[in-house]
Amino acid sequence: MAISPVLDQLNLIVDDMDRSVDFYRAIGLDIPDDSVWRTETGGHHVEMEMPGGFELALDSKPLAEVYNAGWRAFRGEGNRTIMSFRYRDAAEVDAAYKRVTALGYGSSQRPYYTSGDRGSPSSSTRTATTWA
């Protein structure tokens with residue numbers, strides 16, 4: 001019998017939980033304050049349910065070291081993960097980019113529309129903007 005695994009969660013290990021939560025809020029995700037698990041040492045975990053039941057989770061390095069003995073911090077340069085968020089149109093993509101960069105988050109490029117003209121609804125559903 002074939003196994004049919006379903007990807008339902010992605011955990012990202014973050015250096016600064018509060019700054020990371022602020023970033024995901026800035027791109028439009030609803031993250032209530034009480035959904036961030038905190039201890040006296042700070043924020044350590046948050047789960048964000050995405051449409052379709054997929055879950056994006058953020059974990060602190062100290063928490064990752066507890067639940068995954070094999071986890072090691074990345075020691076290289078650059079990004080190792082690419083995530084895409086879909087917006088309704090190019091105007092929403094541009095507004096999110098402006099909002100996030102105004103908050104001081106870096107970007108390696110302006111939004112890049114994957115097909116058609118900038119004003120086309122199909123061209124605005126994906127963007128290759130990379131946040132630093």
Side-chain angles (χ1 to χ4, degrees):
M1 183 164 120
I3 298 173
S4 299
V6 175
L7 178 63
D8 71 345
Q9 185 183 65
L10 173 66
N11 284 70
L12 300 176
I13 311 306
V14 300
D15 290 326
D16 184 329
M17 182 63 69
D18 291 331
R19 184 132 170 91
S20 297
V21 167
D22 288 345
F23 168 79
Y24 286 101
R25 285 176 175 154
I27 67 168
L29 300 184
D30 180 30
I31 308 172
D33 286 334
D34 63 357
S35 69
V36 180
W37 178 64
R38 296 178 184 282
T39 68
E40 62 279 353
T41 60
H44 294 286
H45 181 78
V46 65
E47 297 171 0
M48 298 161 276
E49 189 167 334
M50 308 301 290
F54 185 79
E55 189 173 86
L56 175 60
L58 305 177
D59 292 320
S60 67
K61 287 180 181 182
L63 180 61
E65 291 168 346
V66 169
Y67 76 78
N68 184 347
W71 179 81
R72 299 293 177 265
F74 179 56
R75 293 181 180 13
E77 292 183 19
N79 299 316
R80 296 190 306 170
T81 304
I82 297 172
M83 293 190 311
S84 296
F85 289 87
R86 182 172 294 149
Y87 292 91
R88 281 187 295 236
D89 56 33
E92 280 193 1
V93 172
D94 291 341
Y97 180 84
K98 184 177 180 180
R99 184 173 55 252
V100 171
T101 55
L103 290 170
Y105 294 96
S107 173
S108 63
Q109 70 181 40
R110 295 191 61 75
Y112 175 79
Y113 302 94
T114 57
S115 63
D117 293 329
R118 184 175 178 281
S120 165
S122 64
S123 69
S124 62
T125 60
R126 296 266 185 223
T127 178
T129 298
T130 302
W131 306 105

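Keep in mind that the numbers below use all heavy atoms, side chains included, and drop hydrogens, waters and symmetry copies.
Sequence neighbours left out, the pairs with a member in residues 25-63 that pass ring pair (Phe, Tyr, Trp, His ring centres under 6.0 Å) are Trp37-His44. Residues in residues 44-66 take part in these salt bridge (Lys or Arg N to Asp or Glu O under 4.0 Å) pairs, two or more places apart or across chains: Asp15-Lys61.
Nearest heavy atom pair, residue Gly43 against residue Ser60, reads O-CB, 3.8 Å.
Judged by distance alone, the side chain of Tyr105 and the main-chain N or O of Arg19 form a donor-acceptor pair under 3.5 Å.
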Would you give me the side-chain donor-acceptor pairs under 3.5 Å for residues 21-32, sequence neighbours excluded?
residue: Arg25; atom: NE; partner: Ile31; partner atom: O; Å: 2.9
residue: Arg25; atom: NH1; partner: Asp33; partner atom: OD1; Å: 3.4
residue: Arg25; atom: NH2; partner: Ile31; partner atom: O; Å: 2.6
residue: Arg25; atom: NH2; partner: Asp33; partner atom: OD1; Å: 2.7

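Linking ILVMFWY side-chain heavy atoms closer than 4.5 Å, directly or via other members, places Val66 and Val46 in two distinct hydrophobic clusters.
In this structure, the side chain to side chain donor-acceptor pair (under 3.5 Å) partners of Asp18, at least two apart in sequence or on a different chain, are Arg38.
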